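Predicted model, so just to flag it, every value in this text is computed and none were measured. A, B, ... follow the sequence lines: proteins, then strands. Residue 1 opens every chain.
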There are 2 protein chains.
Amino acid sequence: MRSPEELTVAFRSAGLKVTPQRQLLFRLLHDNSSHPTADSLHSAATSVMPGISLRTVYQTLTDLAEMGELQSIEVGSGSLRFDPNVSDHHHAVCDGCGDVHDVYVSKAPVLRGLDDFSVSDAHIVYRGHCGACSALVATK
Amino acid sequence: MRSPEELTVAFRSAGLKVTPQRQLLFRLLHDNSSHPTADSLHSAATSVMPGISLRTVYQTLTDLAEMGELQSIEVGSGSLRFDPNVSDHHHAVCDGCGDVHDVYVSKAPVLRGLDDFSVSDAHIVYRGHCGACSALVATK
DNA sequence: ACCTTATCTGCATGAATTGCTAATTAGCAA
DNA sequence: TTGCTAATTAGCAATTCATGCAGATAAGGT
Ligand SMILES: [Mn+2]
Ligand SMILES: [Mn+2]
Ligand SMILES: [Zn+2]
Ligand SMILES: [Zn+2]
(Lines give C-alpha, C1' and ligand atoms only; values in the text may rest on other atoms or scores of the structure.)
(Ligands and ions follow the chains in the order given, each with its own letter.)
Protein backbone atom coordinates (compact mmCIF):
# COMPACT_ATOMS: atom_id res chain seq x y z
CA MET A 1 0.00 0.00 0.00
CA ARG A 2 1.23 3.45 -0.81
CA SER A 3 1.84 6.20 1.71
CA PRO A 4 -1.01 8.29 3.13
CA GLU A 5 0.20 11.21 1.02
CA GLU A 6 0.19 9.21 -2.19
CA LEU A 7 -3.18 7.71 -1.35
CA THR A 8 -4.59 11.20 -0.86
CA VAL A 9 -3.64 12.07 -4.41
CA ALA A 10 -4.83 8.74 -5.75
CA PHE A 11 -8.22 9.02 -4.06
CA ARG A 12 -8.79 12.56 -5.34
CA SER A 13 -7.91 11.64 -8.91
CA ALA A 14 -10.26 8.70 -8.69
CA GLY A 15 -13.08 11.07 -7.79
CA LEU A 16 -13.09 9.92 -4.19
CA LYS A 17 -12.91 12.36 -1.32
CA VAL A 18 -10.27 12.36 1.36
CA THR A 19 -11.88 12.66 4.76
CA PRO A 20 -10.29 12.71 8.22
CA GLN A 21 -11.66 9.21 8.74
CA ARG A 22 -9.93 7.93 5.62
CA GLN A 23 -6.68 9.71 6.42
CA LEU A 24 -6.66 8.05 9.81
CA LEU A 25 -7.20 4.65 8.26
CA PHE A 26 -4.46 5.33 5.71
CA ARG A 27 -2.09 5.96 8.62
CA LEU A 28 -3.27 2.96 10.62
CA LEU A 29 -2.80 0.66 7.65
CA HIS A 30 0.48 2.01 6.30
CA ASP A 31 3.32 -0.39 7.09
CA ASN A 32 0.90 -2.42 9.21
CA SER A 33 1.96 -6.06 9.07
CA SER A 34 -0.49 -7.33 11.69
CA HIS A 35 -3.14 -8.39 9.17
CA PRO A 36 -5.88 -6.63 11.12
CA THR A 37 -9.58 -7.35 10.94
CA ALA A 38 -12.11 -4.60 10.25
CA ASP A 39 -13.04 -4.74 13.91
CA SER A 40 -9.51 -4.39 15.24
CA LEU A 41 -8.92 -1.47 12.89
CA HIS A 42 -12.11 0.11 14.13
CA SER A 43 -10.93 -0.25 17.71
CA ALA A 44 -7.60 1.35 16.90
CA ALA A 45 -9.33 4.13 14.99
CA THR A 46 -11.82 4.76 17.77
CA SER A 47 -9.08 5.45 20.30
CA VAL A 48 -7.88 8.29 18.06
CA MET A 49 -11.21 9.41 16.65
CA PRO A 50 -14.11 8.47 18.92
CA GLY A 51 -17.33 8.06 17.00
CA ILE A 52 -15.87 6.75 13.77
CA SER A 53 -18.22 4.16 12.41
CA LEU A 54 -17.39 0.53 11.75
CA ARG A 55 -19.32 0.99 8.54
CA THR A 56 -16.84 3.61 7.42
CA VAL A 57 -13.96 1.28 8.14
CA TYR A 58 -15.49 -1.40 5.94
CA GLN A 59 -16.22 1.18 3.27
CA THR A 60 -12.68 2.47 3.15
CA LEU A 61 -11.21 -1.01 3.21
CA THR A 62 -13.38 -1.92 0.25
CA ASP A 63 -12.26 1.18 -1.62
CA LEU A 64 -8.60 0.45 -0.93
CA ALA A 65 -9.02 -3.15 -2.03
CA GLU A 66 -10.72 -2.09 -5.26
CA MET A 67 -7.83 0.24 -5.97
CA GLY A 68 -5.41 -2.63 -5.40
CA GLU A 69 -3.83 -0.94 -2.42
CA LEU A 70 -4.53 -3.84 -0.12
CA GLN A 71 -5.76 -7.40 -0.27
CA SER A 72 -8.26 -9.15 1.91
CA ILE A 73 -7.36 -12.61 3.06
CA GLU A 74 -9.25 -15.42 4.71
CA VAL A 75 -7.20 -17.57 7.03
CA GLY A 76 -9.98 -19.34 8.88
CA SER A 77 -10.22 -16.97 11.82
CA GLY A 78 -13.86 -16.24 11.14
CA SER A 79 -13.44 -12.73 9.85
CA LEU A 80 -11.62 -11.21 6.92
CA ARG A 81 -8.14 -9.82 7.43
CA PHE A 82 -6.71 -6.93 5.50
CA ASP A 83 -3.18 -6.79 4.24
CA PRO A 84 -1.49 -3.66 2.88
CA ASN A 85 1.29 -5.91 1.65
CA VAL A 86 0.18 -6.72 -1.87
CA SER A 87 3.39 -8.43 -2.93
CA ASP A 88 3.17 -12.10 -3.86
CA HIS A 89 3.26 -13.87 -0.54
CA HIS A 90 1.47 -16.36 1.68
CA HIS A 91 0.57 -16.67 5.34
CA ALA A 92 1.28 -18.67 8.46
CA VAL A 93 -1.28 -18.65 11.25
CA CYS A 94 -0.34 -19.51 14.81
CA ASP A 95 -2.83 -21.88 16.39
CA GLY A 96 -1.79 -20.54 19.78
CA CYS A 97 -2.13 -16.79 19.56
CA GLY A 98 -3.77 -16.42 16.17
CA ASP A 99 -1.09 -14.11 14.83
CA VAL A 100 -0.63 -14.08 11.08
CA HIS A 101 2.86 -14.01 9.59
CA ASP A 102 4.04 -13.41 6.07
CA VAL A 103 5.63 -16.27 4.17
CA TYR A 104 7.48 -16.03 0.91
CA VAL A 105 7.54 -19.17 -1.17
CA SER A 106 10.15 -19.88 -3.77
CA LYS A 107 9.75 -22.55 -6.38
CA ALA A 108 6.15 -23.38 -7.16
CA PRO A 109 5.14 -26.89 -6.16
CA VAL A 110 4.37 -29.54 -8.75
CA LEU A 111 0.69 -30.26 -9.16
CA ARG A 112 -1.03 -33.54 -9.86
CA GLY A 113 -4.66 -34.28 -10.55
CA LEU A 114 -5.35 -30.86 -11.96
CA ASP A 115 -5.89 -31.43 -15.64
CA ASP A 116 -7.84 -28.97 -17.69
CA PHE A 117 -7.68 -26.13 -15.19
CA SER A 118 -5.85 -22.87 -15.71
CA VAL A 119 -4.47 -21.55 -12.44
CA SER A 120 -4.35 -17.78 -12.06
CA ASP A 121 -3.60 -17.53 -8.37
CA ALA A 122 -2.55 -19.60 -5.38
CA HIS A 123 -2.70 -18.88 -1.70
CA ILE A 124 -1.09 -21.06 0.92
CA VAL A 125 -2.17 -20.95 4.54
CA TYR A 126 0.26 -22.61 6.91
CA ARG A 127 -0.77 -23.52 10.43
CA GLY A 128 1.39 -24.26 13.41
CA HIS A 129 2.87 -22.48 16.39
CA CYS A 130 4.99 -19.35 16.52
CA GLY A 131 8.15 -19.24 18.61
CA ALA A 132 6.51 -17.68 21.64
CA CYS A 133 3.63 -20.15 21.65
CA SER A 134 5.96 -23.11 21.11
CA ALA A 135 7.92 -21.97 24.16
CA LEU A 136 4.75 -21.74 26.22
CA VAL A 137 3.74 -25.26 25.31
CA ALA A 138 7.21 -26.56 26.13
CA THR A 139 7.30 -25.06 29.65
CA LYS A 140 3.80 -26.12 30.57
CA MET B 1 -14.36 -41.27 5.04
CA ARG B 2 -15.27 -44.83 5.76
CA SER B 3 -18.32 -46.64 4.41
CA PRO B 4 -21.78 -46.14 5.94
CA GLU B 5 -21.51 -49.65 7.42
CA GLU B 6 -18.17 -48.97 9.06
CA LEU B 7 -19.37 -45.61 10.31
CA THR B 8 -22.38 -47.27 11.90
CA VAL B 9 -20.07 -49.44 13.95
CA ALA B 10 -17.74 -46.54 14.73
CA PHE B 11 -20.57 -44.31 15.91
CA ARG B 12 -22.02 -46.98 18.18
CA SER B 13 -18.69 -47.76 19.78
CA ALA B 14 -18.16 -44.05 20.37
CA GLY B 15 -21.42 -43.96 22.32
CA LEU B 16 -23.19 -42.15 19.51
CA LYS B 17 -26.48 -43.34 18.13
CA VAL B 18 -27.10 -44.20 14.53
CA THR B 19 -30.30 -42.58 13.33
CA PRO B 20 -31.95 -42.65 9.91
CA GLN B 21 -30.88 -39.03 9.48
CA ARG B 22 -27.26 -39.92 10.09
CA GLN B 23 -27.36 -42.99 7.90
CA LEU B 24 -28.68 -40.87 5.07
CA LEU B 25 -25.88 -38.36 5.51
CA PHE B 26 -23.33 -41.18 5.64
CA ARG B 27 -24.60 -42.29 2.25
CA LEU B 28 -24.73 -38.80 0.79
CA LEU B 29 -21.16 -38.12 1.85
CA HIS B 30 -19.57 -41.45 0.97
CA ASP B 31 -17.41 -41.08 -2.13
CA ASN B 32 -18.74 -37.54 -2.58
CA SER B 33 -16.05 -35.44 -4.21
CA SER B 34 -18.17 -32.33 -4.74
CA HIS B 35 -17.05 -30.60 -1.53
CA PRO B 36 -20.64 -29.81 -0.55
CA THR B 37 -21.76 -27.11 1.82
CA ALA B 38 -24.01 -27.87 4.77
CA ASP B 39 -26.83 -26.28 2.85
CA SER B 40 -26.35 -28.29 -0.33
CA LEU B 41 -26.20 -31.47 1.73
CA HIS B 42 -29.38 -30.45 3.47
CA SER B 43 -31.08 -29.94 0.11
CA ALA B 44 -29.95 -33.35 -1.09
CA ALA B 45 -31.07 -34.92 2.16
CA THR B 46 -34.44 -33.19 2.08
CA SER B 47 -35.32 -34.71 -1.28
CA VAL B 48 -34.95 -38.16 0.27
CA MET B 49 -36.13 -37.40 3.79
CA PRO B 50 -38.42 -34.37 3.88
CA GLY B 51 -38.31 -32.64 7.23
CA ILE B 52 -34.70 -33.35 8.10
CA SER B 53 -33.32 -30.33 9.87
CA LEU B 54 -30.40 -28.25 8.72
CA ARG B 55 -29.34 -28.28 12.35
CA THR B 56 -29.04 -32.05 12.23
CA VAL B 57 -26.88 -31.82 9.13
CA TYR B 58 -24.50 -29.46 10.91
CA GLN B 59 -24.51 -31.66 13.99
CA THR B 60 -23.61 -34.79 12.06
CA LEU B 61 -20.94 -33.01 10.04
CA THR B 62 -19.39 -31.79 13.27
CA ASP B 63 -19.44 -35.30 14.71
CA LEU B 64 -17.84 -36.75 11.59
CA ALA B 65 -15.17 -34.05 11.59
CA GLU B 66 -14.37 -34.70 15.26
CA MET B 67 -13.95 -38.37 14.46
CA GLY B 68 -11.59 -37.48 11.63
CA GLU B 69 -13.89 -38.93 9.02
CA LEU B 70 -14.06 -35.69 7.09
CA GLN B 71 -12.44 -32.30 7.00
CA SER B 72 -14.00 -28.91 6.66
CA ILE B 73 -12.34 -26.52 4.30
CA GLU B 74 -12.66 -22.82 3.65
CA VAL B 75 -12.07 -21.77 0.07
CA GLY B 76 -13.50 -18.29 0.18
CA SER B 77 -17.01 -19.13 -1.01
CA GLY B 78 -18.61 -17.74 2.11
CA SER B 79 -19.60 -21.03 3.64
CA LEU B 80 -17.67 -24.03 4.88
CA ARG B 81 -17.28 -27.00 2.60
CA PHE B 82 -17.02 -30.56 3.78
CA ASP B 83 -14.66 -33.11 2.34
CA PRO B 84 -14.83 -36.84 3.03
CA ASN B 85 -11.42 -37.12 1.38
CA VAL B 86 -9.07 -36.77 4.31
CA SER B 87 -5.92 -37.65 2.43
CA ASP B 88 -3.24 -34.99 2.17
CA HIS B 89 -4.42 -32.79 -0.65
CA HIS B 90 -5.25 -29.25 -1.68
CA HIS B 91 -7.96 -27.51 -3.69
CA ALA B 92 -8.57 -25.57 -6.87
CA VAL B 93 -11.61 -23.34 -7.06
CA CYS B 94 -13.09 -22.28 -10.39
CA ASP B 95 -13.90 -18.59 -10.47
CA GLY B 96 -16.48 -19.31 -13.13
CA CYS B 97 -18.69 -22.05 -11.73
CA GLY B 98 -17.37 -22.27 -8.18
CA ASP B 99 -16.60 -25.96 -8.41
CA VAL B 100 -13.88 -27.26 -6.11
CA HIS B 101 -11.35 -29.76 -7.42
CA ASP B 102 -8.79 -31.85 -5.60
CA VAL B 103 -5.11 -31.11 -6.15
CA TYR B 104 -2.22 -33.25 -5.09
CA VAL B 105 1.03 -31.46 -4.55
CA SER B 106 4.40 -33.13 -4.66
CA LYS B 107 7.52 -31.53 -3.35
CA ALA B 108 6.88 -29.01 -0.62
CA PRO B 109 7.84 -25.47 -1.58
CA VAL B 110 10.77 -23.72 0.04
CA LEU B 111 9.77 -21.13 2.58
CA ARG B 112 11.39 -17.80 3.34
CA GLY B 113 10.65 -15.29 6.07
CA LEU B 114 9.24 -17.89 8.40
CA ASP B 115 11.81 -18.14 11.16
CA ASP B 116 10.86 -19.43 14.54
CA PHE B 117 7.60 -21.01 13.47
CA SER B 118 6.86 -24.73 13.45
CA VAL B 119 4.51 -25.65 10.64
CA SER B 120 2.11 -28.50 11.30
CA ASP B 121 -0.17 -28.11 8.31
CA ALA B 122 -0.47 -26.35 4.98
CA HIS B 123 -3.43 -25.81 2.74
CA ILE B 124 -3.17 -24.37 -0.74
CA VAL B 125 -6.16 -22.85 -2.49
CA TYR B 126 -5.69 -22.36 -6.20
CA ARG B 127 -7.99 -20.13 -8.19
CA GLY B 128 -8.59 -20.05 -11.89
CA HIS B 129 -10.95 -21.50 -14.43
CA CYS B 130 -11.89 -25.08 -15.08
CA GLY B 131 -11.92 -26.46 -18.61
CA ALA B 132 -15.63 -25.91 -19.17
CA CYS B 133 -15.52 -22.33 -17.94
CA SER B 134 -12.38 -21.55 -19.94
CA ALA B 135 -14.20 -22.77 -23.05
CA LEU B 136 -17.18 -20.57 -22.28
CA VAL B 137 -15.00 -17.51 -21.95
CA ALA B 138 -13.22 -18.32 -25.22
CA THR B 139 -16.42 -18.65 -27.26
CA LYS B 140 -18.10 -15.54 -25.87
C1' DA C 1 -18.81 31.51 -0.48
C1' DC C 2 -21.59 28.13 -3.08
C1' DC C 3 -23.12 23.96 -4.93
C1' DT C 4 -22.86 19.37 -6.21
C1' DT C 5 -21.90 14.96 -4.92
C1' DA C 6 -19.45 11.72 -2.21
C1' DT C 7 -19.23 10.28 2.48
C1' DC C 8 -20.52 9.37 7.29
C1' DT C 9 -23.22 7.42 10.78
C1' DG C 10 -26.73 4.58 12.60
C1' DC C 11 -29.63 1.19 11.86
C1' DA C 12 -31.79 -2.54 9.32
C1' DT C 13 -30.98 -6.61 6.81
C1' DG C 14 -28.75 -10.79 5.21
C1' DA C 15 -26.07 -15.09 5.40
C1' DA C 16 -23.86 -18.70 7.91
C1' DT C 17 -23.39 -20.99 12.02
C1' DT C 18 -24.15 -22.24 16.86
C1' DG C 19 -27.01 -22.31 21.30
C1' DC C 20 -30.96 -23.98 23.54
C1' DT C 21 -34.88 -27.05 24.84
C1' DA C 22 -38.99 -29.90 24.77
C1' DA C 23 -40.30 -33.95 22.44
C1' DT C 24 -38.70 -38.07 20.43
C1' DT C 25 -36.05 -42.23 19.75
C1' DA C 26 -32.04 -45.50 19.70
C1' DG C 27 -30.32 -49.21 21.84
C1' DC C 28 -29.12 -51.68 25.94
C1' DA C 29 -30.91 -54.49 29.61
C1' DA C 30 -34.31 -56.91 32.16
C1' DT D 1 -40.89 -57.80 24.25
C1' DT D 2 -40.96 -54.15 27.19
C1' DG D 3 -38.99 -50.46 29.66
C1' DC D 4 -35.49 -47.20 30.74
C1' DT D 5 -32.29 -43.58 29.92
C1' DA D 6 -29.31 -40.90 27.57
C1' DA D 7 -28.54 -39.22 22.96
C1' DT D 8 -30.72 -36.99 19.17
C1' DT D 9 -33.93 -34.22 16.55
C1' DA D 10 -36.45 -30.18 15.08
C1' DG D 11 -37.48 -25.69 15.52
C1' DC D 12 -36.39 -21.43 16.80
C1' DA D 13 -33.47 -17.92 19.08
C1' DA D 14 -29.06 -15.85 19.22
C1' DT D 15 -24.57 -14.66 17.41
C1' DT D 16 -21.16 -13.04 14.26
C1' DC D 17 -19.57 -10.84 10.25
C1' DA D 18 -20.65 -8.16 6.46
C1' DT D 19 -23.55 -5.29 3.40
C1' DG D 20 -27.82 -2.35 2.18
C1' DC D 21 -30.05 1.88 2.95
C1' DA D 22 -31.12 6.95 3.88
C1' DG D 23 -30.92 11.34 5.92
C1' DA D 24 -27.54 14.50 7.65
C1' DT D 25 -22.97 16.22 6.70
C1' DA D 26 -18.88 17.79 4.54
C1' DA D 27 -15.21 17.67 0.72
C1' DG D 28 -13.54 20.21 -2.86
C1' DG D 29 -14.05 22.12 -7.49
C1' DT D 30 -16.02 26.52 -9.31
MN1 LIG E 1 0.61 -10.67 4.52
MN1 LIG F 1 -10.88 -32.34 -1.49
ZN1 LIG G 1 1.59 -17.77 18.66
ZN1 LIG H 1 -15.80 -23.73 -13.85
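At least one donor-acceptor pair closer than 3.5 Å links the side chain of B/His35 to the backbone N or O of B/Val100. B/Gln71 places no side-chain N or O within donor-acceptor distance of the main-chain N or O of B/Pro84, the cut-off being under 3.5 Å. In this structure, B/Ser118 contributes its side chain and A/Gly128 its backbone to no donor-acceptor pair below 3.5 Å.
Counting 5' to 3', DNA chain C first comes under 4.0 angstrom of a heavy atom of chain A and last does so at the ends given by C/dT5 to C/dG10.
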N/O donor to acceptor pairs below 3.5 angstrom from side-chain atoms of residues 55-68 of chain B, sequence neighbours left out:
| unit_1 | atom_1 | unit_2 | atom_2 | d |
| --- | --- | --- | --- | --- |
| B/Thr60 | OG1 | B/Thr56 | O | 3.1 |
| B/Thr62 | OG1 | B/Tyr58 | O | 2.9 |
| B/Asp63 | OD2 | B/Arg22 | NH2 | 2.9 |

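Rounded to 10°, the angle separating the first-five-pair axis and the last-five-pair axis of the helix from C/dA1-D/dT30 to C/dA30-D/dT1 equals 30°.
The shortest distance between side-chain heavy atoms of B/Pro36 and B/Leu41 falls below 4.5 Å. Counting heavy atoms from C-beta outward, A/Arg12 and A/Val18 have side chains that approach closer than 4.5 Å.
For the atom pair CD1 of A/Ile124 and CD1 of B/Ile124, the computed distance is 4.0 Å after rounding to the nearest 0.5 Å. Note: B/Leu70 CG to B/Met1 CE = 7.0 Å, rounded to the nearest 0.5 Å.
Residues passing the ring pair (Phe, Tyr, Trp, His ring centres under 6.0 Å) test with B/Phe26 are B/Phe11, sequence neighbours excluded.
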- Worked verdict on B/His91 versus B/Asp83 for side chain to side chain donor-acceptor pair (under 3.5 Å): CA-CA 11 Å; B/His91 295 96; B/Asp83 192 349; 3.0 Å; yes

- Just do the ring-ring contact (aromatic ring centres under 6.0 Å, His included) check on B/Phe117 and A/His101 with the steps written out, would you? CA-CA 9 Å; B/Phe117 191 104; A/His101 303 260; 5.6 Å; yes

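The closest side-chain donor-acceptor pair between A/Thr8 and A/Glu5, if any, does not fall under 3.5 angstrom.
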Between the protein and nucleotides 15-20 of chain D, are there any N/O to N/O pairs under 3.5 Å, and if so, what are the atom names and distances?
| unit_1 | atom_1 | unit_2 | atom_2 | d |
| --- | --- | --- | --- | --- |
| D/dA18 | OP1 | A/Leu80 | N | 2.6 |
| D/dA18 | OP2 | A/Tyr58 | OH | 2.5 |
| D/dA18 | O5' | A/Tyr58 | OH | 3.4 |
| D/dG20 | N7 | A/Arg55 | NE | 3.3 |
| D/dG20 | N7 | A/Arg55 | NH2 | 3.1 |
| D/dG20 | O6 | A/Arg55 | NE | 2.9 |

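Listed by residue number, the members of residues 8-28 of chain A with any heavy atom below 4.0 angstrom from DNA chain D are A/Arg12, A/Lys17, A/Val18, A/Pro20.
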